[in-house]
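Numbers restart at 1 for each chain; the letters A, B, ... are given by sequence-line order, proteins then strands. Side chains are part of it too, since the values below use all heavy atoms of this structure and drop only hydrogens, waters and symmetry mates.
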Number of protein chains: 4
Amino acid sequence: MARHRSPSRTGRPREARVDEAITSATRELLAEAGHHGLTMDAVARRAGIGKAAIYRRYATKQEMVLAAAVEGTVPATPDTGSLLGDLTVLAETVVARLSHPAASNGLLGLLGELGTDAALAGRFAELLIEPERAGDELVLRRAVDRGELAAMPDVELFHAVFGGAVLSWIFVSRLDPADLPARLARFTCAALRAER
Amino acid sequence: MARHRSPSRTGRPREARVDEAITSATRELLAEAGHHGLTMDAVARRAGIGKAAIYRRYATKQEMVLAAAVEGTVPATPDTGSLLGDLTVLAETVVARLSHPAASNGLLGLLGELGTDAALAGRFAELLIEPERAGDELVLRRAVDRGELAAMPDVELFHAVFGGAVLSWIFVSRLDPADLPARLARFTCAALRAER
Amino acid sequence: MARHRSPSRTGRPREARVDEAITSATRELLAEAGHHGLTMDAVARRAGIGKAAIYRRYATKQEMVLAAAVEGTVPATPDTGSLLGDLTVLAETVVARLSHPAASNGLLGLLGELGTDAALAGRFAELLIEPERAGDELVLRRAVDRGELAAMPDVELFHAVFGGAVLSWIFVSRLDPADLPARLARFTCAALRAER
Amino acid sequence: MARHRSPSRTGRPREARVDEAITSATRELLAEAGHHGLTMDAVARRAGIGKAAIYRRYATKQEMVLAAAVEGTVPATPDTGSLLGDLTVLAETVVARLSHPAASNGLLGLLGELGTDAALAGRFAELLIEPERAGDELVLRRAVDRGELAAMPDVELFHAVFGGAVLSWIFVSRLDPADLPARLARFTCAALRAER
DNA sequence: CATTAATCGAGACGGTACGTCTTGTCTTGCA
DNA sequence: TGCAAGACAAGACGTACCGTCTCGATTAATG
């Protein structure tokens with residue numbers, strides 16, 4: 001994560017303990033009290049640090065949330081041997097990620113700011129969208145290589161459909177995501193195969 | 001829209017002019033300055049009313065945004081004669097709706113609060129999700145009746161995929177939605193037809 | 001009391017019940033909650049009337065308080081046969097008046113506004129100061145006629161000393177006024193007699 | 001002046017500049033616009049500070065006014081060599097103090113709240129009444145020592161008479177205080193001498 | 001070892017939004 | 001017209017939050 005100001009070489013070095021405390025406190029507060037309960041003072045108090053220590057690392061609250069709730073949350077999807085299997089695992093991963101209160105509250109809180117903060121939107125794309133898209137591409141490329149798909153599908157559309165469906169299911173419709181992965185994987189798999 | 005306190009029968013009746021002014025000012029400010037620039041004082045000033053007139057109608061800022069940016073924005077989808085046609089029109093409608101700055105800024109701002117405000121989530125479902133789902137069901141029912149689909153598909157999943165894809169495309173990936181309706185309609189249509 | 005707008009001759013006549021209810025409610029609220037708890041809405045609610053009925057009678061809150069807490073509270077001082085006796089009775093009267101919570105809270109609340117509201121100051125003088133001064137003059141004149149005083153003293157100074165002492169004793173120093181009348185009467189009587 | 005929350009030992013210390021700015025702005029606004037024009041926002045704006053800086057120091061608006069308009073306004077009375085001289089100077093001092101618009105508007109505004117706010121009344125007594133009473137006692141003691149008075153008079157009554165007379169003259173009767181000091185000193189001196 | 005420079009916790013700072021309250025006016029329907 | 005009820009515009013109240021700054025005390029690396 002790009003820092004507000006990168007640490008200088010001279011003087012007292014930054015304490016890793018503080019980095020960790022900020023991230024933990026942010027996650028805890030997001031999980032407990034949501035976007036509304038996440039104040040910089042509360043983070044500092046919970047982390048047992050001063051506010052300056054936060055702003056030395058992150059220029060804004062959004063950057064801090066980004067680092068705590070979004071950064072590094074996209075794992076690689078393992079090769080299960082079939083497209084349907086891969087998609088099921090992928091869906092399970094996305095569901096698991098968005099089901100965690102800290103991640104979801106952080107993510108949704110950020111979404112509302114993206115529209116009026118281009119810099120934030122860029123960082124957001126870099127940390128979340130790009131890794132996700134790359135993972136999706138890998139999964140689809142494997143299916144093509146296996147011969148399950150005739151041609152490389154529209155990755156961007158696939159990403160929007162797949163991620164968007166989970167987002168909508170959990171946050172907009174607020175339904176139980178228990179059997180969503182299986183259903184979504186089957187639905188999407190059918191669409192991909194049908195594309196000539 | 002359910003009010004903060006429902007107007008009593010006696011005394012001076014509420015002025016429709018004020019309702020209208022609040023809604024207009026909210027939409028304008030959302031469009032111009034986004035979620036961040038939408039302050040209650042600004043709404044009151046722009047609407048030429050007092051803040052009490054707002055709080056007499058809406059218990060919270062979120063309720064006000066809900067009424068101004070979400071309520072009554074879901075139109076019926078006309079029958080184009082084919083599933084693909086219907087889905088294209090439906091996608092165009094959703095895209096048009098989410099492309100309007102007032103609606104999108106309002107909607108995204110609300111999304112972040114839904115996780116920790118059950119009452120708001122209920123109102124949100126009632127005003128947005130339910131009408132959308134009902135419209136989706138109608139479109140799919142027509143396709144079944146036409147014989148385009150063998151059985152009634154999973155409406156909930158369809159709604160999540162369709163709406164979620166647009167949401168993700170526009171707000172998460174932040175891509176140009178120009179040719180999204182056609183691509184999304186074709187993709188979804190294929191999946192629905194493939195379902196046994 | 002001069003009204004905000006004098007009642008017109010035509011139409012429905014004003015109800016005396018309403019006048020009485022306003023005055024009573026004002027006095028009760030002043031006594032119970034002081035100047036701070038006296039709001040126009042509270043008076044209207046307690047009196048079981050509409051706010052318009054109050055503003056039809058009094059142009060401002062201050063006028064209402066003036067009418068309820070100040071007007072007509074200055075009784076004549078009976079002739080006890082001696083200056084000391086008269087002064088004692090006069091002091092007892094003033095103490096009694098200022099000891100009533102409604103009157104005192106009303107009076108003190110008004111005092112704070114007099115400095116920046118000339119119209120109110122005029123009404124205040126007319127309703128309270130003038131009657132008091134006239135009463136004082138009568139008492140002193142009687143003492144001159146009796147031969148207790150050689151010449152007519154400075155009535156204005158006497159009024160300020162006498163009323164001000166009680167005011168200061170009760171509200172500024174916040175002492176028990178039980179034996180104030182006797183002490184004040186003796187002190188003032190001595191001063192008046194000593195004046196050559 | 002006892003603060004809302006006393007400053008802690010750690011952290012950034014409070015700035016004296018801010019204390020001074022609050023007091024000055026309060027005095028200026030009281031003088032210019034009276035009790036009614038003294039709003040917390042106006043004080044903050046005029047002082048060039050945030051409202052939080054005020055509430056960090058004073059729990060309520062009244063406390064702030066107390067500190068700005070009352071605290072430390074009671075000077076010692078110099079020894080003129082005679083009781084009449086001392087009393088004249090004392091009266092002049094009181095008149096001068098109450099003639100200043102900031103002090104008078106602040107003081108009168110507070111008087112109205114004393115009846116229903118015991119804590120405020122206590123602070124008021126501590127900051128204004130006690131110093132005044134102590135000053136009065138000194139003046140009277142000097143007169144006894146000089147032999148002008150046979151015995152120590154009733155200080156409490158004297159204080160009520162002397163201060164109350166000025167209060168009543170200026171604020172209740174609203175008369176010109178130009179020759180009040182001389183008249184009041186002569187009147188009170190006579191009474192004190194006459195006491196056996 | 002002594003100096004230097006950035007770190008740390010704590011909390012004050014200016015600015016600003018929040019949701020509530022109050023004042024004096026206005027607008028209903030009923031009497 | 002008067003009346004009870006209550007909506008209206010304006011704006012102050014006291015609280016909370018953000019991002020910056022200032023204090024005294026630490027803590028490495030450098031001279």
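Atom-to-atom, CZ of A/Arg14 to C1' of F/dT26 comes out at 16 Å; the value is rounded to the nearest Å. Nucleotide E/dT23 holds its P atom 11 Å from the CG atom of C/Leu29, rounded to whole Å. With rounding to whole Å, C/Glu63 atom CD is found 15 Å from E/dT23 atom P. One atom, CD1 of A/Ile54, and another, C1' of F/dC21, lie 15 Å apart when rounded to the nearest Å. Regarding A/Tyr58, its OH atom lies at a distance of 16 Å from the C1' atom of F/dG19, rounded to whole Å. We find that CD1 of D/Ile49 is positioned 14 Å from P of E/dT16, with the value rounded to whole Å.
For D/Lys51, the listed nucleotide lying nearest its side chain is F/dC13; candidates were F/dC3, F/dC13, E/dA12. The side chain of B/Tyr55 lies closest to E/dC18, out of E/dC8, E/dC18, F/dC8. Counting only heavy atoms from C-beta on, A/Ala53 has its side chain closest to E/dG9 among F/dC8, E/dG9, F/dA10. Among F/dA4, F/dC8, E/dG24, the nucleotide with an atom closest to any side-chain atom of C/Thr60 is E/dG24.
Scanning both residues, C/Leu38 and C/Val65, for their nearest heavy atoms gives CD2-CG2, 3.5 Å. Of all heavy-atom pairs spanning A/Pro101 and A/Ala31, the tightest one is CB-CA, 3.8 Å. Summarising the geometry of C/Ala47 relative to C/Ala21, their closest heavy-atom pair is CB-O, 3.6 Å, with the distance given to 0.1 Å.
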For residues 106-120 of chain B, run the donor-acceptor check on the side chains, cut-off 3.5 Å, and write out each pair with its distance to 0.1 Å, sequence neighbours left out.
residue, atom, partner, partner atom, Å
B/Asp117, OD1, B/Ala119, N, 3.3
B/Asp117, OD1, B/Leu120, N, 3.0

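Put simply, D/Thr10 has a side-chain N or O that comes within less than 4.0 Å of OP1 or OP2 on E/dG11. Regarding contacts with the backbone of E/dG11, a side-chain N or O of D/Ser8 is found under 4.0 angstrom from either OP1 or OP2. An OP1 or OP2 oxygen of F/dC8 is reached within less than 4.0 angstrom by a side-chain nitrogen or oxygen of B/Arg56. Put simply, A/Arg9 has no side-chain N or O that comes within less than 4.0 Å of OP1 or OP2 on F/dA29. At F/dC13, one or more side-chain N or O atoms of D/Lys61 fall inside 4.0 Å of OP1 or OP2 (strictly under the cut-off). For B/Arg57, a side-chain nitrogen or oxygen approaches OP1 or OP2 of F/dC8 to under 4.0 Å.
Not a single donor-acceptor pair, N or O on each side, falls under 3.5 Å between the base of F/dA28 and the side chain of A/Arg12.
Residues of residues 30-47 of chain C that place a heavy atom closer than 4.0 Å to DNA chain E, in numerical order, are C/Leu38, C/Thr39, C/Met40, C/Asp41.
Here side chain to side chain donor-acceptor pair (under 3.5 Å) pairs that include residues 21-31 of chain B, with residues two or more places apart or in two chains, are B/Glu20-B/Ser24, B/Glu28-B/Arg46.
Salt-bridge annotation for C/Lys51 and C/Asp41: present, with a side-chain N of the basic residue lying under 4.0 Å from a carboxylate O of the acidic one. Here A/Arg14 does not pair with A/Asp19 in a salt bridge; the nearest charged N to carboxylate O distance is not below 4.0 Å.
The residue among A/Glu15 and C/Arg17 whose nearest nucleotide of DNA chain F is located toward the 5' end is C/Arg17. Along DNA chain E, the nucleotide nearest B/Gln62 and the nucleotide nearest A/Gly48 are compared for position; the residue whose nucleotide lies closer to the 5' end is A/Gly48.
Exactly one of A/Lys61, A/Glu63, A/Met64 qualifies for a side-chain contact (heavy atoms from CB on, under 4.5 Å) with A/Ile54. That residue is A/Met64.
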